[in-house]
K.L.:
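Can you read through this structure? Questions will come right after.
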Amino acid sequence: GINAEYGVAALEAQLAEESKKLSEMKDRYLRALADGENVRNRTKKELEDSKVFSIQSFAKDLLPVSDVLEKALESVSEEERAKSSTLSNLHEGVTLTYNQLHQVFKRHNLVKINPIDEEFDPVYHEAMFQVPDATKSSRHHHERHSVGYVLQNRSIRPAKVGVVKE
């Protein structure tokens, strides 16, 4: 009778309550798994980034060395080198040093950016001055003042440029 029906109804209610609790626990478990996976992926990405960019400050410190070598190479004309074997040999040594340094840069994905007549990009370029030029849009460089460098697509020294004035 009534007692049996009451007992069945109570058991069904208890089963429904336990099913609801089980569903909630399963949901929390799946969320915890997803959170753990997210933490693992984020940590892996941060570790990869730290490996890639751990050389950033060292690379940045070498950029002025490259600049000085480049200026040294530009300062001696071919005519002067032809007159002096000592000067010619010195120029050749500086050239080899400069080239070796840039091979190391390339091996570590440190790339020189030398923007000429490109559209201005504030991530990779720093505007130093403005020049009126009716033939170009205001988003273009007029001239390059100094080269920039990018490490793994991250600007570590923007190229210094003059931009077209509106």
Side-chain angles (χ1 to χ4, degrees), residues 27-166:
D27 184 58
R28 284 199 308 259
Y29 170 72
L30 291 174
R31 287 178 191 272
L33 280 179
D35 285 346
E37 185 65 24
N38 288 341
V39 167
R40 191 168 32 262
N41 289 339
R42 192 168 45 247
T43 303
K44 182 179 176 187
K45 171 92 172 88
E46 288 172 359
L47 181 62
E48 289 170 359
D49 284 351
S50 73
K51 286 178 183 175
V52 167
F53 295 110
S54 64
I55 65 164
Q56 182 172 330
S57 65
F58 180 69
K60 199 171 183 177
D61 288 344
L62 285 177
L63 299 182
V65 175
S66 173
D67 294 342
V68 168
L69 291 172
E70 192 170 3
K71 292 283 185 221
L73 292 173
E74 292 170 357
S75 71
V76 182
S77 70
E78 199 171 319
E79 185 181 295
E80 290 172 311
R81 291 193 310 264
K83 291 180 193 173
S84 167
S85 64
T86 303
L87 195 53
S88 179
N89 291 338
L90 181 62
H91 188 273
E92 185 179 338
V94 172
T95 300
L96 291 171
T97 304
Y98 178 82
N99 291 340
Q100 184 67 41
L101 179 63
H102 281 267
Q103 285 175 3
V104 171
F105 285 179
K106 186 176 181 181
R107 195 166 45 248
H108 293 281
N109 295 313
L110 179 60
V111 178
K112 181 194 277 193
I113 51 173
N114 191 5
I116 297 173
D117 201 33
E118 293 178 7
E119 192 163 304
F120 182 79
D121 182 343
V123 173
Y124 299 111
H125 311 134
E126 180 180 344
M128 300 301 291
F129 52 89
Q130 293 183 323
V131 178
D133 186 343
T135 65
K136 294 182 183 151
S137 80
S138 63
R139 300 285 302 153
H140 272 76
H141 303 138
H142 185 271
E143 60 185 77
R144 175 190 52 80
H145 181 67
S146 70
V147 297
Y149 285 87
V150 176
L151 178 65
Q152 301 285 347
N153 297 322
R154 180 188 288 181
S155 177
I156 64 168
R157 184 176 85 184
K160 294 183 171 135
V161 298
V163 292
V164 175
K165 187 178 184 180
E166 290 185 50

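Side chains included, hydrogens not; waters and symmetry mates left out as well; all remaining heavy atoms used.
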K.L.:
Return the NE2 to CD1 distance between His108 and Ile55, rounded to the nearest 0.5 Å.
P.N.:
5.5 Å
K.L.:
Walk me through whether His91 and Leu73 qualify under side-chain contact (heavy atoms from CB on, under 4.5 Å).
P.N.:
CA-CA 6 Å; His91 188 273; Leu73 292 173; 3.6 Å; yes
K.L.:
Heavy-atom count check: over 12 atoms from other residues, nucleotides or ligands less than 6.0 Å from Asn153 CG?
P.N.:
no
K.L.:
At their closest point, which heavy atom of Glu80 faces which heavy atom of Ser75, and how far apart are they?
P.N.:
OE1-O, 3.8 Å
K.L.:
Indicate yes or no: does Asp35 engage Arg31 in a salt bridge with an N to O separation below 4.0 Å.
P.N.:
no
K.L.:
Tell me whether Gln152 at atom CD has more than 12 heavy atoms from other residues, nucleotides or ligands lying less than 6.0 Å away.
P.N.:
yes
K.L.:
Side-chain donor-acceptor pairs under 3.5 Å in residues 58-68, sequence neighbours left out?
P.N.:
residue : atom : partner : partner atom : Å
Ser66   : OG   : His102  : NE2          : 2.7
Ser66   : OG   : Tyr149  : OH           : 3.3
Asp67   : OD1  : Arg157  : NH2          : 3.1
Asp67   : OD2  : Arg157  : NH1          : 2.7
Asp67   : OD2  : Arg157  : NH2          : 3.3

K.L.:
Identify whether the distance between the nearest side-chain nitrogen and carboxylate oxygen of Lys45 and Glu48 falls below 4.0 Å.
P.N.:
no
K.L.:
Please step through side-chain contact (heavy atoms from CB on, under 4.5 Å) for the pair Val150 and Ile156, ending with a clear verdict.
P.N.:
CA-CA 6 Å; Val150 176; Ile156 64 168; over 6 Å; no
K.L.:
Using the rule given for side-chain contact (heavy atoms from CB on, under 4.5 Å), can you reason through Glu37 versus Asn41, listing the C-alpha separation, both sets of side-chain angles and the distance that settles it, and then say yes or no?
P.N.:
CA-CA 6 Å; Glu37 185 65 24; Asn41 289 339; 3.5 Å; yes
K.L.:
Salt-bridged, Glu70 to Lys112, with N to O below 4.0 Å?
P.N.:
yes
K.L.:
Step by step, would you call Asp121 with Tyr124 a side-chain contact (heavy atoms from CB on, under 4.5 Å)?
P.N.:
CA-CA 6 Å; Asp121 182 343; Tyr124 299 111; 3.3 Å; yes
K.L.:
Taking side chain as C-beta onward, heavy atoms only, is Leu47 less than 4.5 Å from Lys44?
P.N.:
no
